[in-house]
Amino acid sequence: MTAPTADRPPPPAPPPARGSLALGWLLLLSLTHGLLWLSLLPPWQAPDEPKHFEYVRLLAERPDLLAFADSSAPADPELQRWIIDSMDQQRFWWYGHAPGYDAARPPQSFQDIWVRGMHTATYRSSPAYYLLAAALQPADRLWGLYLARALGLLLAGLAVLLIGLAARELFPEAPLIRYGAPALAALHPMAAFLSAGVNNDALANLLAAFAFFLLARLLARGASPARLALLLLAVAAAILTKRTTAYLLPTLLVLLVALPAARTRRPALGLGLGALSALGLTGLVLGWLRAGGWVGLPQATRFLLSRYFFNEPDQLDRIVRHLGTPGIGRIFLDQIIGMHRGFWGSFGWQVLPLPGFLEALLAVVTAVAALGILRRVLTGGDRPVQRAALVSAAAAVALVIGAALAFFAAYLDQPYAPPPQGRYLFAAWGPVCLLLTAGLAAWLPPSRQWAALKALLAGLLLLDGAVLLGLVIPFYYR
């Protein structure tokens, strides 16, 4: 174990100036890494990039058209046709077409390509990210695509910095966590791939990372009215930017239970009771939904919540109904396995998975880290605030996975059910990086952590090189 015990003070952390310099180098590495991916990824090959770019250009060119936009027709048919023509010029269909494409009948709008309200980002997305990207748009649309991509790289780089600051607050004495967490964020191939595309995840994930950093600082330095207010503002900003960050609110509630439990003489018992309470509360909510409690809410409340949390008005009803599908447990297990694979690498429109041996190796790494987290939480090596942080981070990841499973469940009866998508885990990118590095560090003495950090950096560089040279470049430039 790397953290101090109650009777042993923590080993001295590196000087602040040296630590800040290291974070600066990691930020530069993240931006350089992202630029490499941006230059190699052809236009429209990032998830949902055509739809997100449409929203950006509508705000830049014709913001008046968005005032009463809905999903029944394109807000600007000419813009959609230009994007579709550009997709064709960039061999979008050859690289792996979206569901619904028929070469004999070329699409004329996004509705011809994507199904069930998934053909537009304007109907249900907050304009926060899109307004920021629209402010940078030039007259040329293709150049505008690359400028919007560059904005995503910058936001992702800032998230790396915040993850590093959060890890320094929580584990200043553990180099594998303090520097390994931001290094993982900077060099992760899938993270670089996602940040190289136009997507409102970039701003939402940055705000979630900011909230994560503020939470870490609050734990490490104690609560104050200013810190609490800033944390709540960051959480509100993230949630208003994208619904994928809504997990932040219940995560704060978990922390309120986890911190007192971690400070007891028997933290494993306290945290176990807290976990059982969370499961019981989840069961009550599901029971309320299945009993029709949702229908009993005022119509205006249901409309507002549905507009924010769901793609279609009946999506929640379909989720609740499909929870009773025979074999749903096995279906969810397959989805979780698919999400894990997609988290480590599924590029393009999910047409470039990692080779089987790499998936197996990374599954072992994830399992070792998960067991390491259990070891840290259930033993007395870490300080209470560190245990509480790890429990809250694990809760955040579990909530994100649960939300993704609910989303998938709504489309089980559709001809084009969405495949498992590990990219949703990046909404909790800070907690994920903390858990992976802290879990690995649990098996190493402090004297070995610097060597392990070097091994982590080397492994990430090798993984990224294998993905680029073995998958991405041969596929897109053959």
Quiz prompt | Separation between CG of Leu38 and CG of Leu145, rounded to the nearest 0.5 Å | solution = 8.5 Å
Self-check item: Arg423 NZ/CZ over Phe426 ring centroid, <6.0 Å and within 45° of normal
Solution: no
Practice problem: With the side chain counted from C-beta on, respond yes when Phe347 and Leu354 share a heavy-atom pair under 4.5 Å apart, and no when they do not. | Solution: yes
Exercise. I would like to know whether Arg227 and Leu214 meet side-chain contact (heavy atoms from CB on, under 4.5 Å); could you show each step before the answer?
Key: CA-CA 7 Å; Arg227 287 177 186 146; Leu214 294 173; over 6 Å; no
Quiz item: So Arg387 and Leu390, side-chain contact (heavy atoms from CB on, under 4.5 Å) or not? Walk me through it.
Solution: CA-CA 5 Å; Arg387 285 197 297 271; Leu390 294 174; 5.7 Å; no
Exercise. Keeping the roles fixed (side chain from Thr245, backbone from Ala238), state whether a donor-acceptor pair exists under 3.5 Å.
Key: yes
Quiz prompt | Ring centres under 6.0 angstrom apart (Trp25, Tyr179) | solution = no
Self-check item: Heavy-atom side-chain proximity of Asp48 to Trp349 below 4.5 angstrom
Solution: yes
Quiz item: Minimum heavy-atom separation for Pro47 to His52, with atom names?
Solution: O-CD2, 4.2 Å
Quiz item: When you measure from the side chain of Gln386 to the backbone N and O of Arg383, does any donor-acceptor pair fall under 3.5 Å?
Solution: yes
Quiz item: Any side-chain heavy atom of Asp464 sitting closer than 4.5 Å to one from Leu187?
Solution: no
Quiz item: For His322 and Tyr411, what are the C-alpha separation, side-chain angles and deciding distance, and is it a ring pair (Phe, Tyr, Trp, His ring centres under 6.0 Å)?
Solution: CA-CA 9 Å; His322 292 161; Tyr411 298 96; 8.9 Å; no
Quiz item: When rounded to the nearest 0.5 angstrom, what distance separates CZ in Arg217 from CG in Leu231?
Solution: 12.5 Å
Quiz item: For Cys433, does its backbone N or O pair with a side-chain atom of Thr437 as donor and acceptor, under 3.5 Å?
Solution: yes
Quiz item: Heavy atoms, side chains only, cut-off 4.5 Å: are Met190 and Phe343 in contact?
Solution: no
Quiz item: With the threshold set at 4.0 Å, does a side-chain nitrogen-carboxylate oxygen contact exist between Arg178 and Glu173?
Solution: no
Practice problem: Using the salt bridge (Lys or Arg N to Asp or Glu O under 4.0 Å) rule, take Asp334 and Arg330 through it: C-alpha gap first, then chi angles, then the decisive distance, then the call. | Solution: CA-CA 6 Å; Asp334 290 341; Arg330 177 63 190 180; 3.3 Å; yes
Practice problem: Ignoring hydrogens and angles, tell me if any N or O in the side chain of His188 forms a donor-acceptor pair with the backbone of Trp344 under 3.5 Å. | Solution: no
Practice problem: Would you name the heavy atoms of Ala246 and Ile239 that are closest together and state the gap between them? | Solution: CA-CG1, 3.8 Å
Quiz item: When rounded to the nearest 0.5 angstrom, what is the spacing between CG in Leu206 and CG in Leu154?
Solution: 8.5 Å
Exercise. Mind listing the closest non-hydrogen atom pair of Leu436 and Ala369 along with its distance?
Key: O-CB, 3.7 Å
Practice problem: Compare every heavy atom of Tyr130 with every heavy atom of Val56, then report the nearest pair and how far apart it is. | Solution: CG2-CD2, 3.7 Å
Quiz item: Would you say Leu253 and Leu256 make side-chain contact, with heavy atoms under 4.5 Å?
Solution: yes
Quiz item: Could you state the interatomic distance from CG (Leu184) to CD1 (Ile163), rounded to the nearest 0.5 Å?
Solution: 8.0 Å
Self-check item: Heavy-atom donor-acceptor pair, Glu49 side chain to Val198 backbone, under 3.5 Å
Solution: yes
Quiz item: Can you find a heavy atom in the side chain of Leu215 that is under 4.5 Å from one in the side chain of Leu252?
Solution: yes
Exercise. Determine, stepwise, if the pair Val472 / Trp37 fulfils side-chain contact (heavy atoms from CB on, under 4.5 Å).
Key: CA-CA 9 Å; Val472 173; Trp37 272 87; 3.7 Å; yes
Self-check item: pair Glu169-Leu219: side-chain heavy atoms closer than 4.5 Å
Solution: no
Quiz prompt | Between Phe212 and Trp429, ring centroids under 6.0 Å | solution = no
Exercise. Determine the minimum heavy-atom distance between Ala183 and Leu460, stating which atoms define it.
Key: O-CD1, 3.7 Å
Practice problem: Keeping the roles fixed (side chain from Tyr476, backbone from Leu471), state whether a donor-acceptor pair exists under 3.5 Å. | Solution: no
Practice problem: Mark yes or no for whether Arg376, through its side chain, and Ala438, through its backbone, hold a donor-acceptor pair below 3.5 Å. | Solution: yes
Quiz prompt | Trace of the side-chain contact (heavy atoms from CB on, under 4.5 Å) decision for Phe171 with Leu176 | solution = CA-CA 9 Å; Phe171 292 91; Leu176 183 55; over 6 Å; no
Quiz item: Would you say the side chain of Asn199 lies within less than 4.5 Å of the side chain of Lys242, judging by non-hydrogen atoms?
Solution: yes
Quiz item: Distance-only, no hydrogens or angles: does the Ser392 side chain make a donor-acceptor pair with backbone N or O of Thr251 under 3.5 Å?
Solution: no
Exercise. Kindly compute the distance separating CG (Leu378) from CD1 (Ile373), expressed to the nearest 0.5 Å.
Key: 10.5 Å
Practice problem: State the CG-OG distance between Leu35 and Ser195, to the nearest 0.5 angstrom. | Solution: 9.5 Å
Practice problem: Could you pull out the closest heavy-atom pair between Gly152 and Ala202, with the gap in Å? | Solution: CA-CB, 4.0 Å
